[in-house]
Amino acid sequence: MAKGKKSLEQQNSGKTEQFSSTGFILAAIGSSVGLGNMWKFPYVTGQNGGGAFFLLFVLCLIIVGLPVLLGELAIGRAGRGDAYTSFKKLGGSKWWGWLGFIGILAAFLIMTFYSTIAGWTLHYAVQSLSGNLFSNGDYAGQFTAFTASTSPIIWQIVVMVMTGFVIARGISSGIEKFNKIVIPGLLVILLIMLARTLTLDGAAEGVRYFLYPDFSQITFESALLALGLAFFSLSLGMGAMLTYGAYVDKNQSLPAATLAVGAGDLIYALIAGLIIFPTTFTFGIEPGSGPGLVFVALPAAFESMPYGNLFGGLFFILLAIAAVTSCLALTEVPVAYMMRRFKMSRSKATIWIMIAMYAIALPCTLSAGGVLSGYTWGGRTFFDWMDYITQNIMLPLVGLLVTILVGYVWKGSGEETGLSPTWMKWWRFSMRVVAPILILFIFLSSIGLV
Ligand code: PFF
């Protein structure tokens, strides 16, 4: 931290707030493990060559994901501020600050539609535990009726209030404490579910579908998909890891934290697939049914399973927990900015951000199956646009900026990472050459130029 300058937390509350070492790792795993791993990863893998896609995903994590994650953590820890402040400080100009601001905007906008789906998972958890979910077998119809009703609005508010409450309590008594309780809890529920699903009749077939490598399905597009998913699932390109990095102690090893987060992300994604596919195969459900897999196909599978409402309930609670820990990271990004920019207290900044977010989050929910779904621009609803702009444009753009900042502009980046000389060479090579080129490819392809 620069001499005479106070950290973000000191400035606002008069005391330094930091993550403890394990608290930080759990919070970062909490941010990375989310709907990306549990909801998107399994069906995308199933549809794109199973094990071959999984290998590609791991490769993307190692070659691009982990180096960029390390870069973001280093920027955050050295910059000691929100994404705007750290970019400005290390890039040496206000322009860099505004480039970092794109990350803040991305996190803010992602939260608006992410909280919609997080709300759905809470509704499904309650419906499953109460048994209502299984009262009629038409799961596609139930899903349509639910998204068209006013319930998603309420559930989204529940998610946002929960998130705001934890954020307002601060780094160590809010975000760290919450993640310390729920992340190990999540693993326990996952393992219980795993034990159940791997003993089902169709387990072998499901595991084969999920992990048997079919390289004939690997195309340029699936490679880009794997890279985009690796980025999203590690929470990169939106200032999240960077913001968390600002609360990390100087003694913490950033490479070790990077590996722990990468491993956590991968393990949770793998287990999610090992729960979903054995279940769908055992109960004769079409596994490649896309985004509707967890809300439409899985309930049908849980219905046929003994104690299905309990296992279904556990599964959706799992999704909801994973989603909320990600919402915390997404919300902390703009809250940290507001605290510094407007010298606000944490609670005040949280309230303002929540109100502003909700103004966009509501139309997101209403356009995902609700009254606004009929309004489209260029074939996309409001919800689809938020999803498209953030994931296809802002995320790769900020990712690219991170690689340029740490690879070319900020000279002290290598020392901040604490890597050994040999690893440092590899890391620099990834930051300067491999990662920017690959990210540029995702970017150009997602806007239709490649
Ligand atoms: N990594 C989360 C997921 O896989 O669902 C998504 C996410 C969370 C992205 C938090 C960004 C973030 F700040």
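Hydrogens, waters and symmetry mates are skipped; everything else that's a heavy atom, side chains included, is used. Every number for a ligand or one of its atoms is a count from 1 in the order of the listing.
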Here the atoms of ligand 1 under 4.0 Å from any heavy atom belonging to Asn37 are 4 (O)
Where ligand 1 meets Ser31 - atom numbers and elements under 4.0 angstrom, heavy-atom basis
1 (N), 2 (C), 8 (C), 10 (C)
Between ligand 1 and Leu330, is the shortest N or O to N or O distance under 3.5 Å?
no
Plane angle bin for Phe316 and Tyr124 - parallel if under 30°, tilted between 30 and 60°, otherwise perpendicular:
tilted
Would you mind checking if Glu72 and Arg77 are paired as a salt bridge, meaning a charged N to carboxylate O distance below 4.0 Å?
no
Which ligand 1 atoms, with their elements, are less than 4.0 angstrom from a heavy-atom of Ser32?
1 (N), 2 (C), 3 (C), 4 (O)
Per-atom contacts of ligand 1 with Met238, taking only distances under 4.0 Å to non-hydrogen atoms:
9 (C), 11 (C)
What class does the angle between the rings of Phe41 and Phe57 fall in, given that below 30° is parallel, 30 to 60° is tilted and above 60° is perpendicular?
tilted
For ligand 1, the portion of Tyr114 having any non-hydrogen atom under 4.0 Å away
side chain
Might you point out which heavy atoms bring Asn37 and Ala269 nearest each other, and give the distance in Å?
ND2-CB, 3.9 Å
Atom 13 (F) of ligand 1: of Ala240, Ala323, Cys327, the nearest heavy atom sits on Ala240
Looking at ligand 1, would Leu35 count as a contact under a 4.0 Å heavy-atom criterion?
yes
Minimum distance, heavy atoms only, to atom 7 (C) of ligand 1: which one of Ser233, Ala107, Ser235, Ala329 is it?
Ser235
For Trp155 and His123, take the angle between the two ring planes, folded into 0 to 90°, and tell me which bin it lands in: parallel under 30, tilted 30 to 60, perpendicular over 60.
perpendicular
Please name the pair of heavy atoms, one in Leu405 and one in Gly91, separated by the smallest distance, quoted to 0.1 Å.
CD1-CA, 3.6 Å
